[in-house]
Structures are given as C-alpha cells and as structure tokens.
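For reference, the structure discussed in these notes is given below.
The residues of the chain are indexed from 1 along the displayed sequence. Computed from a predicted structure; not experimentally measured.
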Amino acid sequence: MPDSVLNRDGLGSSDRRASSFPPIADYAFLSDCETCALVAPSGNVEWMCLPRMDSPSVFGAILDRDAGMFRLAPADVTVPAARRYLPGTMVLETSWGTRGGWMIVRDVLLIGPWHHDQDRSGSHRRSPTDYDADHVFLRTVRCVNGEVQVNLDLEPVFDYGRTRGSWEYGGPGYHEGVCSARDIDIELRLTTDMNIGFEGPRAIARTMLKEGEARFCALSWSEHQPPQTNDEAYERLVWTAHHWQHWLDRGEFPDHPWRTYLQRSALTLKGLSYAPTGAMLAAATTSLPETPGGERNWDYRYSWIRDSTFMLWGLYTLGFDWEANDFFYFIADCAEAEEGQLQIMYGIDGEQKLEEQILDHLSGYEGAQPVRIGNGAYDQDQHDVWGAVLDSVYLHTKSRDYLPERVWPILEKQVEAAIANWRDPDRGIWEVRGEPQHFTSSKLMCWVACDRGARLAELKEDAERAERWQAEADTIHADICEHGTDSRGVFTQHYDTTALDASVLMMPLVRFLPPSDERIKKTVLAIADELTEDGLVLRYRVEETDDGLSGEEGTFTICSFWLVSALVETGELERGRALCERLLSHASPLMLYAEELDAKSGRHLGNFPQAFTHLALINAVMHVIGAESGMVGEEFSMPTFSRPRG
C-alpha cells in the first residue's frame, strides 16, 4: 500500500474505520500524582486504575471495549472540534461543535490543600507538601453557543474488566450514586447536578444545555469530599489549574521555540510520579503493543532503577530539585531494603515481587495479546543497575556538595556488587528473554559504578577504596575497549557479535571516552546510518538479536533522542538538530510520546505516555540548545556531569 493511502497510524483508511480503538497518540493524560487517567478524543475515559496508578483498572476500554468507560460528551457527535491542555496545567479542555451549538468540557484529577492536619498519612513516606490529591475526577461542561444535548455514560468494571458493579442512590433525589461490587475494596461515588439513573451496571444522565449554562459531574473514591455545586466545582478546578501553573513556574526553561516541549515533558514526568513515595512510573499503562497485533506487550507501571540518572539529570536541569530529591530517596529506600542484589525495577511503594500474569479475558488493544500485568523481568540479572545507582548518587552529591551519611553504605554495596559481577553475562538493558550475553552497555555501567564510586570515595577521603575502585574501573575500561568493538573500531551490542545496539550511544554521555575519540565518532555514525529505519533508531535488529520473542518492533524514540545528544556531542550539530526537529514533529497532538514510533507512518506504539522518552527529549533538546548557545561541555553534555543549581 503506498504511503499516500496510509493515515498517520500506518493503517489504511478502511482498517482505521474497522478499529474501535483510538490511536495511542490521541489519548490525553491526566494525573493527581497518585493515580492517572487516559481520555480518548471521544470524551471517553478509557484507562484509570484505583486507588493507585498500579492498581487494577476500573476503566479499561483501552485494552477491551467492554472493560469499563466514562464518557461526558454531546449526544450525537464523537469527534471533537479541538483539544488542548489549559496552558501550564494538567487540565484537559475539549471543544465540541454540534448542529445546535457549541460546548466545552474540562477534565481534571483534582488536587487540593494537604489533607492530613489531624492525622498522619498511611501512605506518604516523603516529606509532606502544601498540597495533596483529592481523589476526585472532575468533569465540567459549559454551553457557549446555541444549545447542546449532553450525555453522561459511566460504567466501571472493576479488577481489569472482570467484575461489574451495582449502583444505588447515595442520597435524596437523583444527584448522587454509589457503585460497589462484592469482594472489591474500592467504592465509587458519582456526584452531579444532572439527574442520574441506572441501567444495570451503568449510570446515565441526559440534559439539554443552553448558552451560558453549565453542569458538573465528579467521581470520587475516598473520604475526601467531591464538589457539591457547579460553583464549587469551578473553584476547585481553578485551584488545581493554578497549582500546576505554580509548580511549573518553579522550573527553569530556556527562552526558545522548543520551550513548550520541555514544559509538557516536565508536567508529564511530574504526572507519572507517585507523590507518597517519590517513585516514577515508566509509563501509565500496561500492554499497549510495541508491534500492532503482536506479543511485545508489557506492564510499565513500575519504577526502573536505570531511569534514575536521566530522571535526576532532567529534574535538576529544569530546576525541580524537590522532585529529584524525592526520587533519589525512593531509590535509597529500595537499596536499603534490598537483602540481595538490587533489582532492576520496583513497585511504586517499593514492592519487590512483581509477578507476571496474563489476562486472557481481555482482547487487548486492537487485538494485541497477551495482556500482561506484573513484569517477569523484575528478577532478571542485569548489570547496569549498579552504575545507575552510583551515577544517581554522584549527581545528587554534586548538586549539594556533600554526600549524605545514610547513602555511603548503599554506595559501597553497589560498587562491590559491580566489581563482583561485571565479568559475568547478563540480560542487558533491554531485558532480553534470550540467553545471557556479555552486553557492552552492561559492562559500561559497571565501569560507571566503579568510576563514580572512586570519585565519591575521594570526596569522603577514603583513599584505600578510591584507589581500589579506580583500578577496577580501569580494568573494565580496558576490557570493553579490547572486546567490545568490531574490526572497524565500532562498539557492538555484546562481545560475541558484530551487531549494533543503540544502548552504546550512552558512551559519550557518561564520558567513557571523549566525544572526539574516533571509536565514539564511528559508533555514533554507524548507528545513525545502519541501525535506523527512515532515520529513526532501533534498539537493535531483531533478526540479529536473541531476545526470546517473535515479530518486529518500532523504532525506540528514546534511542532516537539519544542519537540527537550523541551527534551533538561528537560535533554533528546540524544533523543532530535536524533529527531533533523531526522527533518533535512526531509528538502527539498534546505533545506526549509513547515508547516507539513507526518510522514510515509516525504511529505511536507501546505504553503511553513513556517517562524515559520524555527524559531523553529533555536531554536532547538541552544538548541542541546548549550547543547553539555556545554552552558546550559539562553544562549540557550529559546526565553525569551536568552542573544543576544547588
């Protein structure tokens, strides 16, 4: 099929009409930093887990059209006129045009003042702030012209679409309903100034709005009270919008045309954070496919240790020190609690066992199966974790000019683990489910662990450890240079192959070798020329890699942003800027990114929105801006050696 016949999702128009699922990139993302939601263009909430981001879903239509939904929209229109976030916020505004008039819907997960003045929170482990999640999903609708028939349809299906609820009225009249189900701990309360009725497991309301009239509906799930009137709903929406704008004002963003991409990425990362512990989700969803209809479907609602360095660099660089602190101490909590080897990922409350299950009753996004919850890679042997932790400690220490005493035992344990294990094969950064290999990037991060450990030991004036750890770093360095390159001097995926792997783009970013080194230059250009599809970067070529899976996958957007940074590092500014411009043009209509892109169509693939992609965007954009401003070197070069404000 010629490209001209393809829509932006890479499917023919007839195929697109046959699918009832919106394109992944067309979902809006909402968060209150305790849970999150994805809203389709139709006005349907198609993904929401309660009470936490990693809890079972109550709205799961993104994975099965019968797994729960919540729609507030015109009765006879499904395609909106426009959608946007209110500037600087996580408030979604959808404009609708109908035959009779125009209306505007605003959706928000409410945030309010700190709730625990007379008690102590049972979930918060980080220092309390002035604000807290209200545990209320608020939707408001206003008719701005003519008259519009508005429909509300709400059908929760608990436990990932397995259990339908039953409704009953929660008070006099027709303005409050309560939905519950046997053996389900959570109870949902719908409060609205519309008249609601119940049809089996579904709550329904219909009303005619005329110009200037407004209505609200609020779905709540805790003791925190929802709005009771439209005026109160408006006031609390404004409070939440101002909260997001005030939070964003704390950041430091360059005065540049790409500023809005940085701001939306910062808001998205904040939205993917779990405020009670400081954890950061890899993504808001599970099992959105990396290949249309394929089996590469994973649960990303967990916190990966390897994200830590980029996370801290991105937050520090943009001025969000508090959030960086919270994430750093979440990592410290995990490391302190670990009796054996540090895992590659944890639950958002620090849970260690993330056992994988397959939900056979769900059809999957556009039929992609299996649908998984949990992640079986949690107990894989991956040797990059020690370097990620040490790089995080090093960056945190540089930002404050001191090493917290609590952190030294953690640091020492991780360096010694890297020394004890770096010679062994592992599963690598991409968590392959094939045979373990001597992955170059894993050796690289073991070098990072020893190198940063030696620097921190010097800071602590521990000369014996500084000398021993630096000697081990030098040994690893020499081993990689000897065994990790091909005949061209290009760094390869692992020691027993000539295949390329995008993970080695980290080499110039962590200063394994100077960007001017010929091996680094050749590696970056080889990946740019040979490991790309239509100019966008693959993790690896599946036909050259034993990853234990079948099928193809899209280009990994984080790898393409890594290439931008690496090109700038090695003096290829024009090429790096051109790639960065192209990647920014592939952002979703609301400036969000999934994990992958189909290089030909621009279709977003994989879980959404993806934290690591937005982190890599920040790194790449700051590289380009820094190089164009003449601020090359440490300030913009890489996560490890940035100089964030202290």
Side-chain angles (χ1 to χ4, degrees), residues 269 278-282 300 302-316 324-338 340-346 350 352 375 377-399 407 410-422 426-431 439-456 469 473 476 480 501-512 558-559 562 565 611-613 615-616 618-619 638-642:
L269 294 173
M280 182 75 64
L281 274 75
Y300 276 10
Y302 305 114
S303 195
W304 264 256
I305 296 296
R306 73 166 55 95
D307 294 5
S308 58
T309 299
F310 268 88
M311 183 66 67
L312 293 176
W313 185 88
L315 292 172
Y316 283 139
N325 256 9
D326 285 350
F327 184 67
F328 176 82
Y329 283 111
F330 168 76
I331 298 297
D333 288 347
C334 293
E336 281 183 331
E338 190 61 69
Q341 179 178 316
L342 191 69
Q343 293 181 187
I344 66 167
M345 70 179 86
Y346 292 87
Q352 296 180 3
N375 197 308
Y378 78 92
D379 60 354
Q380 279 191 0
D381 187 15
Q382 295 180 27
H383 294 170
D384 63 332
V385 293
W386 307 302
V389 171
L390 263 295
D391 223 3
S392 300
V393 173
Y394 183 62
L395 180 56
H396 181 80
T397 302
K398 284 193 67 176
S399 73
V407 173
I410 299 172
L411 179 158
E412 182 181 7
K413 184 177 179 181
Q414 304 311 315
V415 177
E416 294 296 343
I419 291 173
N421 290 279
W422 74 265
D426 74 331
R427 302 282 182 173
I429 184 175
W430 306 126
E431 298 162 10
F439 286 102
T440 304
S441 63
S442 297
K443 312 287 187 188
L444 170 71
M445 295 309 291
C446 288
W447 171 82
V448 169
C450 296
D451 179 80
R452 306 319 185 240
R455 296 169 188 240
L456 290 165
W469 290 349
I476 300 172
I480 295 172
D501 192 299
S503 61
V504 299
L505 289 170
M506 291 294 294
M507 283 184 160
L509 304 185
V510 299
R511 286 301 188 258
F512 178 78
I558 180 177
C559 298
W562 281 351
S565 300
F612 217 168
T613 305
L615 289 166
I618 293 170
N619 189 278
M638 65 284 180
T640 307
F641 282 77
S642 64

Run the numbers on Y378 and I344 for side-chain contact (heavy atoms from CB on, under 4.5 Å), then give the verdict. CA-CA 6 Å; Y378 78 92; I344 66 167; 5.5 Å; no
Any chance you could measure [X], atom [atom1], to [Y], atom [atom2], to the nearest 0.5 Å?
| X | Y | atom1 | atom2 | value |
| --- | --- | --- | --- | --- |
| L390 | R452 | CG | CZ | 9.0 Å |
| L444 | M507 | CG | CE | 5.0 Å |
| I480 | T440 | CD1 | OG1 | 7.0 Å |
| I410 | Q414 | CD1 | CD | 8.0 Å |
| D391 | W313 | CG | CH2 | 12.5 Å |

Would a distance-only check, ignoring hydrogens and angles, find a side-chain to backbone donor-acceptor pair under 3.5 Å from [X] to [Y]?
| X | Y | answer |
| --- | --- | --- |
| N421 | A417 | yes |
| S303 | M280 | yes |
| K443 | I476 | no |

Go through the steps for L281 and Y302 under the test side-chain contact (heavy atoms from CB on, under 4.5 Å), then give the verdict. CA-CA 5 Å; L281 274 75; Y302 305 114; over 6 Å; no
Test side chain to side chain donor-acceptor pair (under 3.5 Å) applied to [X] - qualifying residues, sequence neighbours left out:
| X | answer |
| --- | --- |
| E412 | R465 |
| W304 | E431 |
| W469 | E416 |

Indicate, with yes or no, if the rings of F327 and H396 have centres closer together than 6.0 Å. no
According to side chain to side chain contact (heavy atoms under 4.5 Å, CB included), who are the partners of A324, at least two apart in sequence or on a separate chain? L312, L315, Y316
Those residues that, when tested against T613, pass side chain to side chain contact (heavy atoms under 4.5 Å, CB included) (two or more places apart): T557, F561, Y593, Q610
Name all residues meeting the salt bridge (Lys or Arg N to Asp or Glu O under 4.0 Å) criterion together with D426; count only those two or more places apart in sequence or in a different chain, and write none if there are none. none
